[in-house]
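Chain identifiers are assigned alphabetically (A, B, ...) following the order of the sequence lines, protein sequences preceding nucleic acid strands; residue numbering begins at 1 within each chain.
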There are 2 protein chains.
Amino acid sequence: MEPQPDPKTRMLDALRAAGVRVTNQRMVLLGLLAEARDHPDAAELHRRAQAADGAISLATVYRTLAVLQRAGVVQRHSFDGDSARFEQAHEPHHDHIVDLDTGRIVEFQSDKIERLQRQIAAELGFEVVHHRLELYCRRTGASGPTGRNPATDVATHSS
Amino acid sequence: MEPQPDPKTRMLDALRAAGVRVTNQRMVLLGLLAEARDHPDAAELHRRAQAADGAISLATVYRTLAVLQRAGVVQRHSFDGDSARFEQAHEPHHDHIVDLDTGRIVEFQSDKIERLQRQIAAELGFEVVHHRLELYCRRTGASGPTGRNPATDVATHSS
DNA sequence: TTATTTGCAAAACCTTTGCCCGCGA
DNA sequence: TCGCGGGCAAAGGTTTTGCAAATAA
């Protein structure tokens, strides 16, 4: 079903590429991020890690995420007033829609917008190193808030 | 030079429209925001307010900014890892470029991008309530960091 | 063995809040 | 006068850090 090299091997490679030691905590977190279909925050990852492993501190969650982020394996997002949320880096680059009623995150991707961003920056004498685009939305024709459930689904759209 | 109604009157109007009392602290902050050419954070506004007035607490800075934001007079931004930064709301709507080397903020405006955002959201069944677009950039051909100075200038660009 | 990592608890930060006094209307 | 608004200090939530013990290489 999955034509990938092998999840465990990929995780090991990621850690080796980062030039850090392979610890159980890092493997657990890497695994959680790989299977996460949402964008959990540090506390949520801590909860899941404890369920999967039993012993892992919140401090380690933060430290590990920082390491993985530096290695380019993890991306950190700060939606509006929330605490930081994380996801495994994956191609292609994408941006996010935040459903204001449910908190659900939807990913989308638009080459057109990316191109316009670079163009505008260039006109002002800049080169885009990275960017951040978040659309805070409501469902079309929605009657209103229906009850927030922790973001669990991710839809993807390309344009 | 300025065909505006009169700064003081406008500030009074803003407070009245917000349905709140006119206090010295609010007038001072409103004035600081009006003349600010940058995007100061709460601590910086506190510093400036003390220089201008002498007695105003950080708590009041935060409370006043919250009031003004609710009234639509002030906009709050959270660039990357920084603390919240504020600016007086002004038309047309604009987004920001953050110069990674100097920290300087440059505003720009692009109807094209706004339109694309709405279009993408619509295709996914959403309506954009508000959004956030930040381009973290480096000057084209820049040789590298030259020394961060507190953002003081604002350039504007329309497309 | 030896340099990294971890856990724990404390610290750091930014922002908000409780409480009582003072000022605006 | 009446009640909103302010100052102060303490609380809150998230993220980082110092230190000694544990562990990967």
Pairing residues for [X] by the side-chain contact (heavy atoms from CB on, under 4.5 Å) criterion, not counting sequence neighbours:
| X | answer |
| --- | --- |
| B:Val67 | B:Val20, B:Arg26, B:Arg70 |
| B:Ser57 | B:Ala59, B:Thr60 |
| B:Glu35 | B:Leu32 |
| B:Ala42 | B:Leu58, B:Val61, B:Tyr62, B:Phe86 |

With a 4.0 Å heavy-atom cut-off, tell me which residues in residues 68-75 of chain B come close to DNA chain C, sorted by residue number.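 When residues 68-75 of chain B is checked for heavy atoms under 4.0 Å from DNA chain C, there are no hits whatsoever.
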Output all residues satisfying salt bridge (Lys or Arg N to Asp or Glu O under 4.0 Å) with [X], sequence neighbours left out; order by chain, then residue number.
| X | result |
| --- | --- |
| B:Glu134 | A:Arg132, B:Arg132 |
| A:Arg47 | A:Glu44 |
| B:Arg16 | B:Asp13 |

For chain B, the stretch of DNA chain C it reaches, first to last nucleotide, under 4.0 Å of its heavy atoms: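 Using the under 4.0 Å cut-off, the span is C:dC14 to C:dA25.
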Quickly work out the A:Leu12 CG to D:dA25 C1' distance and round it to whole Å.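 To the nearest whole Å, that distance equals 14 Å.
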Tell me the bend of the helix from C:dT1-D:dA25 to C:dA25-D:dT1 as the angle between end helix axes, each from five pairs, rounded to the nearest 10 degrees.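 Taking five pairs per end, the axes differ by 30°.
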Quick one: CD on B:Gln75 to CG on B:Leu65, what's the gap to the nearest 0.5 Å?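 Going from CD on B:Gln75 over to CG on B:Leu65, the span is 12.5 Å.
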Should A:Gln25 be listed as having a side-chain N or O under 4.0 Å from OP1 or OP2 of D:dT23?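 So the side-chain polar atoms of A:Gln25 never come under 4.0 Å of the phosphate oxygens OP1 or OP2 of D:dT23.
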Answer yes or no: does a side-chain N or O of B:Arg26 lie under 4.0 Å from OP1 or OP2 of D:dG5?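 True: B:Arg26 side-chain N/O within range (under 4.0 Å) of D:dG5 OP1/OP2.
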Would you mind reporting whether B:Ile120 and A:Ile113 have side-chain heavy atoms less than 4.5 Å apart?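 A side-chain contact under 4.5 Å exists here.
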With the side chain counted from C-beta on, respond yes when A:Arg10 and A:Leu30 share a heavy-atom pair under 4.5 Å apart, and no when they do not.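 Side chain of A:Arg10 against side chain of A:Leu30, heavy atoms only: no contact under 4.5 Å found.
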I want to know whether A:Phe108 and A:His94 have ring centres closer than 6.0 Å.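 Centroid distance A:Phe108-A:His94: not below 6.0 Å, so no.
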What class does the angle between the rings of A:Tyr136 and B:His130 fall in, given that below 30° is parallel, 30 to 60° is tilted and above 60° is perpendicular?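 Rings of A:Tyr136 and B:His130: parallel, under 30°.
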All ring-ring contact (aromatic ring centres under 6.0 Å, His included) counterparts of B:His131, not counting sequence neighbours: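 B:His93.
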Using a 4.0 Å heavy-atom cut-off to protein, can you give one letter per nucleotide of nucleotides 9-17 of chain D, 5' to 3': B if the base is in contact, S if only the sugar-phosphate is, - if neither? B----SBBB
